[in-house]
Every structure is written in structure tokens, then in C-alpha cells.
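Remember, it's 1-based here, ligands and their atoms both numbered in the order they're listed.
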Amino acid sequence: MSAPKLWCVVPAAGRGTRVGGDCPKQYLPLAGRPLIEHTMARLAAHPRIAGLLVTLAAADRYWPGLTTFAGKPVLTAIGGAERSDSVLAGLDVLPDAVGAEDFVLVHDAARPCVRLADISKLIEQAGAADGGLLGAPLRDTLKRADAAGRSESTEPRDRRWRAFTPQMFRRGQLSAALREAARRTLSVSDEAMAMELAGHAPLLVEGAEDNIKVTTAADFALAEFLLSRTGGNAHG
Ligand SMILES: Nc1ccn([C@@H]2O[C@H](COP(=O)(O)OP(=O)(O)OP(=O)(O)O)[C@@H](O)[C@H]2O)c(=O)n1
Ligand SMILES: C[C@](O)(CO)[C@H](O)COP(=O)(O)O
């Protein structure tokens with residue numbers, strides 16, 4: 001029996017304010033095509049991903065009637081004010097075939113360089129551990145800045161990780177955790193934080209540090225280099 005496939009929620013309803021300009025960053029050109037299409041192409045290329053649920057801002061008319069991408073089914077939902085709202089909106093409209101106990105992936109539209117091998121590693125390891133996320137241990141010294149931009153202290157680095165995406169959890173548990181965080185008006189910056197608040201212990205799965213989140217204008221050049229380096233072969 002073939003391994004179960006997973007749907008991936010792709011939060012893409014942000015405004016990209018840290019990049020600047022009028023066009024949300026996910027639609028800005030990167031290596032000749034909109035950033036989001038690189039991300040979706042990576043996800044669609046993974047054999048364990050069944051389909052993509054893309055959450056878009058109500059104002060975005062980027063893909064009217066989008067139903068497939070690179071051979072994979074695509075559904076869309078309208079995102080919310082915060083990333084967590086957008087993720088929850090996507091979870092709510094996944095196909096009924098995705099049961100509460102089924103794992104789902106969540107991957108930022110703004111992370112176009114994710115490696116397929118890392119997605120496979122996450123699915124294998126986090127699937128055996130009741131959920132988890134890609135990340136990497138902090139490898140630089142961490143400073144706390146004062147209001148004047150001076151280093152006032154050095155933070156402990158041991159057991160500190162940077163969180164990436166995809167993150168992978170069971171649909172029902174993740175929806176419940178996100179709803180509870182919203183009910184408590186707790187701002188959660190990733191799915192794992194909501195799960196931690198709900199008492200779960202997401203597995204940290206080390207992934208490549210080139211899985212960058214395009215956040216500022218300078219990140220586009222780095223992302224373009226990384227995409228060219230792998231020559232579009234995301235399997236490395
Ligand atoms: N209300 C929101 C906010 C963010 N996102 C998505 O979550 C991912 C990571 O968020 P971030 O990098 O912060 O994107 P923006 O919120 O657009 O960036 P900024 O904070 O600079 O406005 C992005 O793919 C973004 O489109 C979303 O779906 N809904
Ligand atoms: C989910 C995330 O990419 C993990 O690092 C990050 O928390 C998104 O944060 P942002 O402020 O919404 O970019």
C-alpha cells in the first residue's frame with residue numbers, strides 16, 4: 001500500500017510590508033516568475049503532497065479560478081489578518097477526505113527554496129512523532145539589543161532553534177490549537193507555537209538553512225541565487 005499523501009496549506013495572504021511597495025511580495029518576480037509559483041512548484045513536485053490549499057487575501061485577484069498547479073489539485077481560501085488566521089481558514093476548507101487524524105503540512109508561500117528531501121525528512125520523522133517542523137539550531141551568537149541599538153547582553157544559544165516551514169500536524173489537533181490560541185487572544189507566529197500552548201511537543205527536524213523566508217527586498221537576490229544553484233532541482 002502506497003504511503004498516504006498530505007495536503008499542504010500555503011499561507012499567501014500577507015502584504016509583504018517589510019519588502020515595501022504596493023505589490024505583495026509573493027507576487028513579485030523572482031527568477032522570471034512570481035515568487036509564489038516557485039514555492040508551489042516545489043510543493044507540487046513532492047510525491048507525498050496530494051494538493052495545495054492556498055490562502056489568499058480578499059483583495060488579491062491573482063489566480064481567479066485556479067484549480068490545478070503542476071498537476072496537483074489546488075483549492076483556495078480567503079486569509080485573515082494574521083498568518084495564523086490564514087492557516088486556520090485554509091484548514092477549515094480542506095477536502096472532507098482529509099480527516100481530523102490526518103497530517104497536513106503548512107508551508108509559507110514566502111519560502112521558495114525548500115528542499116524536497118527536507119520535506120520527505122519532515123514527513124518521515126514528524127509523522128512518527130505526532131507532528132513537528134523543519135528548523136535549524138542557532139549557530140551564531142545571539143545578542144539582546146537596547147533601545148539605542150547597542151548590545152546589552154548575550155543570550156543563551158544552547159537548545160535554541162530557528163523555526164522554518166513546512167510544519168506538519170494532525171488537522172484536528174492543529175485546528176483546535178489555533179482556535180484556542182485565538183480564543184485566548186494569544187498571537188502565535190507559527191503552528192508549532194499553537195501546538196506548544198496546547199501542550200504538545202512538536203519534533204524539531206533539522207533542515208537546510210537555505211530554506212529562507214523572503215522577507216526583505218534583499219532576500220530576492222539570495223533566493224534567486226539559491227534557486228539557480230539548485231538549477232530548479234529541489235531534491236538536494
Ligand atoms: N495575514 C497573513 C500574514 C502572512 N501570511 C503569509 O505567511 C507567510 C509568512 O509571513 P511573512 O513572511 O510575515 O509575510 P507578510 O506578512 O506578507 O510580510 P510582512 O510581515 O513583511 O508584511 C507569507 O507567505 C505570507 O503571505 C498570510 O497568509 N496571512
Ligand atoms: C512561520 C515562520 O515562517 C517560522 O519561522 C515565521 O514565524 C513566520 O513569521 P512572519 O513574521 O509571519 O514572517
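- In this structure, K25 contributes its side chain and V214 its backbone to a donor-acceptor pair below 3.5 Å.
- Looking at E191, its side chain never comes within 3.5 Å of a backbone N or O of F169 through a donor-acceptor pair.
- Close N/O approach between T215 and ligand 1 is not found [any backbone or side-chain N/O within under 3.5 Å].
- In this structure, the side chain of N211 does not engage the main chain of F164 through any donor-acceptor pair within 3.5 Å.
- When only non-hydrogen protein atoms are considered, atom 14 (O) of ligand 1 lies nearest to K25 NZ, 3.3 Å.
- The nearest heavy-atom contact from the protein to atom 17 (O) of ligand 1 is G16 N, 2.7 Å.
- The salt bridge (charged side-chain N to carboxylate O under 4.0 Å, His left out) test with E155 is passed by exactly one of R144, K143, R160: R144.
- The heavy atom nearest to atom 23 (C) of ligand 1, considering only A12, G14, P11, is found in P11.
- Where the criterion is an N or O separation shorter than 3.5 Å, residue side chain and backbone included, V19 fails it with respect to ligand 1.
- Interface of K213 with ligand 1, defined as ligand atoms under 4.0 Å from a residue heavy atom, comprises 12 (O).
- Scanning all protein heavy atoms for the shortest distance to atom 8 (C) of ligand 1 gives D108 OD1, 3.5 Å.
- For atom 20 (O) of ligand 1, the nearest protein heavy atom (residue, atom name, distance) is R18 NH2, 3.0 Å.
- Shown here is R139, whose CZ atom has more than 12 heavy atoms of other residues, nucleotides or ligands within 6.0 Å.
- For ligand 2, the protein residues placed under 4.0 Å by at least one non-hydrogen atom are R18, R83, D108, R111, A163, T165, S189, D190, K213.
- Close approach to A81 involves these atoms of ligand 1, each under 4.0 Å from a residue heavy atom: 1 (N).
- Here T55 contributes atom OG1 and L75 contributes atom CG; the two are 12.0 Å apart, rounded to the nearest 0.5 Å.
- Under the 3.5 Å distance criterion, the side-chain polar atoms of Q167 are matched with a main-chain donor or acceptor of A192.
- For K72 (side chain) and H46 (main-chain N/O), a donor-acceptor pair under 3.5 Å exists by modelled atom type.
- A donor-acceptor contact shorter than 3.5 Å links the side chain of T165 to the backbone of D108.
- Within ligand 1, the atoms closer than 4.0 Å to a non-hydrogen atom of A110 are 24 (O), numbered from 1 in the order shown.
- Annotation: atom 28 (O) of ligand 1 to nearest protein heavy atom, A13 N, 2.9 Å.
- In terms of modelled atom types and a separation under 3.5 Å, the side chain of D60 and the main chain of L56 share no donor-acceptor contact.
- Close contacts of ligand 1 with S86, meaning ligand atoms under 4.0 Å from a residue heavy atom, involve 1 (N), 2 (C), 27 (C), 28 (O), 29 (N).
- Looking at R83 against ligand 1, both its backbone and its side chain come within 4.0 Å, counting heavy atoms.
- Panel note: side chain D146, backbone A148; a donor-acceptor pair is recorded below 3.5 Å.
- Side chains of H107 and T39: a donor-acceptor N/O pair is absent below 3.5 angstrom, by distance only.
- Distance alone, capped at 3.5 Å, is enough to place a donor-acceptor pair between the R42 side chain and the C113 backbone.
- Listed by number with element, the atoms of ligand 1 under 4.0 angstrom from any heavy atom of G80 are 1 (N), 2 (C).
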